[in-house]
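Below is one structure; the comments refer to it alone.
Reminder, nothing fancy here: chain letters follow the sequence lines and each chain counts from 1. Atoms considered below: every heavy atom in the structure, side chains included; atoms not considered: hydrogens, waters and symmetry mates. Just so it is clear, the model here is predicted, and its values are computed rather than measured.
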Number of protein chains: 2
Amino acid sequence: MSAKISDVAKKAGVSTATVSRIINNLSGFSEETKIRVEEAIRELGYKPNAVARGLVSARTHTIGVLLPCLSSRYSSQLIHGIETEAHRRGYSVIICNTDRNGERTLEYLRILSEKRVEGIIFASEWVKEEYGRYMLDLSIPVVLVSTYSDHFPFPYVRVDDKQAAYTSFKYLLDKGHRKIGFISGTSDDPVAGAPRIEGYRKALAEYDQSFDEKLLVYGDFHFESGASGMEVLWNENKDLTAVFASSDEMALGALTFLHGKGVNIPGDISVMGYDDTLDAVMAVPALTTLHQPVEEMGICAMGLLLEGDDSNSIIMKHWVKERNSVREL
Amino acid sequence: MSAKISDVAKKAGVSTATVSRIINNLSGFSEETKIRVEEAIRELGYKPNAVARGLVSARTHTIGVLLPCLSSRYSSQLIHGIETEAHRRGYSVIICNTDRNGERTLEYLRILSEKRVEGIIFASEWVKEEYGRYMLDLSIPVVLVSTYSDHFPFPYVRVDDKQAAYTSFKYLLDKGHRKIGFISGTSDDPVAGAPRIEGYRKALAEYDQSFDEKLLVYGDFHFESGASGMEVLWNENKDLTAVFASSDEMALGALTFLHGKGVNIPGDISVMGYDDTLDAVMAVPALTTLHQPVEEMGICAMGLLLEGDDSNSIIMKHWVKERNSVREL
DNA sequence: TTGAAAGCGCTAACAG
DNA sequence: CTGTTAGCGCTTTCAA
């Protein structure tokens, strides 16, 4: 754990330059010396010091990922995708939980920049002015996941939220549902809130349904808010036939609330989620949900980060994944 | 993003040594120069290069976490705990998904050691001889989570698996259950398999119940295996009153299978899980489960890593978290 | 209170 | 094919 290149060089009777050439697989050494050096390396248990290497090469083979939350399924599946691809390409990933906290986010950004990461993946949060400026100043690649920015030229990987919500509601409407509750992100959320509400209104309009405020409640994408949102919908609307939640987790919250009321799903009320995380698979009944390819988005983001330019944004395909929580009327 | 300490020094009209003293909050400079230097830093947007710092100080303020899986709730809650505490203490965390693959694990170990991480948290997997030797050679702190080693002197943070299983079965037996199915990890798993089976047998013996092979099936802690394990139990035992699964995820699998058979839970069959992750909270019905403080274990592991010695292992308390999936007979 | 200079472990010209 | 040497950006004696 402490042999250095000079120790290897001494032991093998060559210069550090030669050792360097050999461990970096460059040209310019005989097979003979190579063998001798490799033996010295083995005997000394030499491991190149990536810190020293990083200093001279200005490369760290490390990237940073900023997420608003670490314990949601969405996050863990995204991280899984990112980590898999990063490792495949020879990169390590440092995870940072911003907790949706501005100071914390900027602090992480500072740390990552001091550590000279070669790229940053920024996920599921709005790029505030200060974040964007900071990242721009870093002049390293940045890729946005499940978010976008109109102020900053960062490429993104996401699904078209408006279109996805539209697809979802159209699906429910086509199944004959007319009284559809919507547990949405708040309308001041420019990523997963407002656009999906737009999609909702668009579908409604297309089916000549008027917009009914009572059918729209707001949550924070987590379980509890799904349950409490469902409670409000339940109390205010006695003739609901379906509910769409803007995350699988909120859909599960709704499921739990309805189950408590003795409601049969999908017999009495249909429930639909958004994301298609493992949560949807594991729900009872298994959740019909708007599929977005979360892990794949992580993989793509990593790809973009390393070889994309600012114009390489990707809109991923989405679709309705049918399971057992929605019935046709 | 490219100003270096010498630029700051030049701009402030001092030496790099003085700038270094100031940014490191050492002593030996006047308030006056401090102000001048800080202004230069601000104007240049200078950020200390952590790579260079790491080279001279031999400190990277980074640790590595090795996990067999990134997408389980268990993992994400553990990571959450670790990351929170790491950040609080000024450390970054590199995550590594070993995928239960030996080569991959050793490769990660090599990468982490080359990157000179200051510690390693190794979670939820048996410490094979080669892993242990490698980590020992690194001579940096290693902490085990939800595992232990009899060959290597690494401290661990975990619950007593045998005792926890015993507690769980005793709980079910006390509720009047006698025909209890067990979806377990395999008996060649020295961490979450064999010990829990021992606890199972101990509880059985205490209640004068004979061990019935038909009641014991094996899974891999994931959803699917819970469902298929439940199917076997279901086919082989017509008089089951309860099922205990060695992870919440497998319990959810069992739940889904039983639901498909029209079984009422806990009316017809009680189901109990292990872990008390968010999955248990979100299940329908909410899962009664053996609680282990997953996030807290992450926090403790991080603490141990930084200030423990090899004799500081921690056995965390466990208990039965009662919810709605078990009934009294 | 300050600066000069050596060196952390490695890479990359440039010679030979 | 191989060695010498000059840094990479920073910290840290040692002197002043």
Problem - Nucleotide D/dG9, atom P - distance to CZ of A/R116 in whole Å - result: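 The distance from CZ of A/R116 to P of D/dG9 comes to 9 Å, rounded to the nearest Å.
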*asked:* I need the NZ-C1' distance between B/K10 and D/dG9, as an integer number of Å.
replied: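 So the two atoms are 14 Å apart, to the nearest Å.
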Earlier contact from the 5' end, DNA chain C, for B/L55 and B/G13
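That would be B/G13.
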Specify the closest pair of heavy atoms between [X] and [Y], including all atoms of both residues, with the distance to one decimal.
{"X": "A/S113", "Y": "A/L138", "value": "CB-CD1, 3.6 Å"}
{"X": "A/A123", "Y": "A/L67", "value": "CB-CD2, 3.6 Å"}
{"X": "B/T16", "Y": "B/S6", "value": "CG2-CA, 3.8 Å"}

Identify the 5'-most and 3'-most nucleotides of DNA chain C with at least one atom closer than 4.0 Å to a non-hydrogen atom of chain B.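 Extent of the interface on DNA chain C: C/dT1 to C/dG9.
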Rounded distance [0.5 Å steps], OG in A/S313 versus CG in A/L304: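 If we round to the nearest 0.5 Å, A/S313:OG and A/L304:CG are 7.0 Å apart.
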Approximate separation, where rounding is to 0.5 Å, of B/L44 CG and B/I5 CD1: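 Going from CG on B/L44 over to CD1 on B/I5, the span is 12.0 Å.
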Which residues share a side chain to side chain contact (heavy atoms under 4.5 Å, CB included) with [X], sequence neighbours left out:
{"X": "A/R104", "value": "A/N97, A/D99, A/N101, A/Y108, B/E83, B/H87"}
{"X": "B/K34", "value": "B/I22, B/F29, B/E31, B/E38"}
{"X": "A/E43", "value": "A/K11, A/E39"}
{"X": "A/C69", "value": "A/S71, A/S72, A/S75, A/H222"}

Its contact letters, B for base, S for sugar-phosphate only and - for none at protein heavy atoms under 4.0 Å, make nucleotides 11-16 of chain D read SBB---
Holding to salt bridge (Lys or Arg N to Asp or Glu O under 4.0 Å), I want the full list of residues that pass it with B/R53, two or more places apart in sequence or in another chain.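 Residues passing salt bridge (Lys or Arg N to Asp or Glu O under 4.0 Å) with B/R53: none at all.
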Inset, instruction - Applying salt bridge (Lys or Arg N to Asp or Glu O under 4.0 Å), name anything that partners A/R59, two or more places apart in sequence or on another chain. - result: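 Salt bridge (Lys or Arg N to Asp or Glu O under 4.0 Å) list for A/R59, sorted by chain: A/E118.
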Within residues 51-77 of chain A or reaching into it, pairs that qualify as ring pair (Phe, Tyr, Trp, His ring centres under 6.0 Å) - sequence neighbours excluded: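 Qualifying pairs, neighbours excluded: A/H61-A/Y91.
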Cut-off 3.5 Å, no hydrogens considered: what does the side-chain donor-acceptor table look like for residues 124-132 of chain B, sequence neighbours left out?
unit_1	atom_1	unit_2	atom_2	d
B/E125	OE1	B/T98	OG1	3.1
B/E129	OE2	B/R133	NH1	3.4

Margin query: Report for the helix from C/dT1-D/dA16 to C/dG16-D/dC1: angle between first-end and last-end helix axes, five pairs each, rounded to 10 degrees.
Written below: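 The end axes of the helix from C/dT1-D/dA16 to C/dG16-D/dC1 are about 40° apart, to the nearest 10°.
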*asked:* Once you apply a heavy-atom cut-off of 4.0 Å, does B/V14 come out as touching a base, just sugar-phosphate, or nothing?
replied: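 Sugar-phosphate contact only.
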Hey, can you pull the residues of residues 29-39 of chain B with a non-hydrogen atom under 4.0 angstrom from DNA chain C?
->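 Only B/F29, B/S30, B/T33 qualify.
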